[in-house]
2 protein chains.
Amino acid sequence: MQLKYSRQREAIKEFLCTRKDHPTADVVYRNVSEQYPNISLGTVYRNLTLLADLGEIQRLHMGDGQDHFDADTSNHYHFVCNQCGKVIDLDMDSIEQINDIAGMNFRGKIAGHVTYFYGTCEDCTQEKS
Amino acid sequence: MQLKYSRQREAIKEFLCTRKDHPTADVVYRNVSEQYPNISLGTVYRNLTLLADLGEIQRLHMGDGQDHFDADTSNHYHFVCNQCGKVIDLDMDSIEQINDIAGMNFRGKIAGHVTYFYGTCEDCTQEKS
DNA sequence: CTGCATGCAAATCTTTTGCATAAGA
DNA sequence: TCTTATGCAAAAGATTTGCATGCAG
């Protein structure tokens, strides 16, 4: 099967790149709708899935019921705030470290990993006090 | 609200403790049904959610469409095989390491985390060759 | 007795899919 | 012109929920 250009897909990808948070399919849909009023949610899902399969974006399963999408495909950690639900990227260079750790006890081929930290973000910590 | 004993909940918890893999709600349902033929899927979900909220079990969002449940609430990593879908616990003592890593760049309170490694498990690697 | 837990079924919500039409190559 | 992508609506799945009844305290 041969991939064809589509402006809808392009717009979806572009929108994701502008965001540092991790929008859900529905958020993508509502935003891209402003540029392409006739776009359908099905198309958004199809393209998000396609882009994720191509490795151009990351699909995140955070357990809040909806998948989230991230245009940053580099290995990085995610912090999910228990209070406000915000998702924050954690930058760190030592991603290799974690692969080493896993390698210690596991025999098999590790292709990738996803790490979520859960807790209270700085903003919510301040509000409490 | 006051918690009351229920044999169904007890059976669900016990079943989970016997398993080293991470059953889905439906698997729990089918198994506990053997002991309590009239138990309903709703009850299974209600209790799994309750037990997870109490911290007695862990709810895992692995991105295969169904949540998985784990009676082992200690911090540990999960390996998900891309080929057969199997989930394997990775034992490692150095869990603290990962908290240190996150602490380096993030200001806030980290309460817990979940790490999934994706790849090919040993069995599937062998079949291929 | 009083209230939480259950069973059942319906409702919700997210994501996927079938199909006729539009658009890219 | 040939094939992939879209839009729309229906379908599919997983999980939640309302309500009458059952069981624990």
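Side chains included, hydrogens not; waters and symmetry mates left out as well; all remaining heavy atoms used.
T24(B) comes within contact range of no nucleotide atom at all, as no heavy-atom separation falls under 4.0 Å. Looking at heavy-atom distances under 4.0 Å, D26(A) makes no contact with the nucleic acid at all. Residue R46(A) is classed as a base contact, given a heavy-atom separation below 4.0 Å to a base. Within the nucleic acid shown, S6(B) comes within 4.0 Å of sugar-phosphate atoms alone, with no base atom in reach, counting heavy atoms only.
One can place CG of L41(B) at 15 Å from P of dA10(C), the figure rounded to the nearest angstrom. At whole-Å resolution of the value, OH in Y45(B) and P in dA9(C) are 17 Å apart. Residue E10(A) contributes atom CD, which lies 12 Å from atom P of dG24(C) at whole-angstrom precision. The separation between L50(A) atom CG and dT17(C) atom P is 14 Å, rounded to whole Å. Regarding D53(A), its CG atom lies at a distance of 13 Å from the C1' atom of dT16(C), rounded to whole Å. Distance CG (L54(B)) to C1' (dC4(C)): 14 Å, rounded to an integer number of Å.
Distance check, rounded to the nearest 0.5 Å: CZ of F69(B) to CG of L16(B) gives 8.0 Å. The structure places NE2 of H61(A) at 11.0 Å from NE2 of H68(A), a figure rounded to the nearest 0.5 Å. Here D67(B) contributes atom CG and Y45(B) contributes atom OH; the two are 7.5 Å apart, rounded to the nearest 0.5 Å. Here the CD atom belonging to Q35(B) is positioned 9.5 Å from the CD atom belonging to Q8(B), to the nearest 0.5 angstrom. Atoms CD1 and OG, from I39(A) and S6(A) in turn, are 7.5 Å apart once rounded to the nearest 0.5 Å.
The residue among F69(B) and L3(B) whose nearest nucleotide of DNA chain D lies closer to the 5′ end is F69(B). Mapping K4(B) and G42(A) onto DNA chain D by nearest heavy atom places G42(A) closer to the 5' end of the strand. Residues A25(A) and Y5(B) both approach DNA chain C. Their nearest nucleotides, taken by heavy-atom distance, put Y5(B) toward the 5′ side.
Qualifying side-chain contact (heavy atoms from CB on, under 4.5 Å) partners for E56(B), counting only residues two or more places apart in sequence or in other chains: K13(B), L51(B), L54(B).
Between the side chains of T43(A) and R9(A), no donor N or O sits under 3.5 Å from an acceptor N or O.
Of the residues in residues 28-40 of chain B, N38(B), I39(B), S40(B) come within less than 4.0 Å of DNA chain C through at least one heavy atom, sorted by number.
Here the shortest heavy-atom pairing between Q58(B) and D72(B) reads OE1-O, 3.8 Å. Shortest non-hydrogen contact noted between F15(A) and T18(A) is O-OG1, 2.6 Å.
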If you look only at distance, which donor and acceptor atoms sit under 3.5 Å apart when one is on a side chain in residues 23-33 of chain B and the other is two or more places apart or in another chain?
unit_1, atom_1, unit_2, atom_2, d
T24(B), OG1, V27(B), N, 3.3
D26(B), OD2, R30(B), NH1, 2.2
N31(B), ND2, V27(B), O, 2.9
S33(B), OG, Y29(B), O, 2.7

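Judged as a salt bridge (Lys or Arg N to Asp or Glu O under 4.0 Å), not a single pair has a partner in residues 36-53 of chain A (not counting sequence neighbours).
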Inset, instruction - Given side-chain contact (heavy atoms from CB on, under 4.5 Å), test I12(A) with I57(A) step by step and report yes or no. - result: CA-CA 11 Å; I12(A) 289 168; I57(A) 64 173; over 6 Å; no
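Boundaries of the chain B contact region on DNA chain D are dA14(D) to dG25(D), first to last in 5' to 3' order (nucleotide atom under 4.0 Å from a heavy atom).
Evaluation of atom-type donor-acceptor distances gives no pair under 3.5 Å for the side chain of R7(A) against the base of dG24(C).
Overall bending of the helix from dC1(C)-dG25(D) to dA25(C)-dT1(D), expressed as the angle between end axes built from five pairs apiece, is 40° (10° steps).
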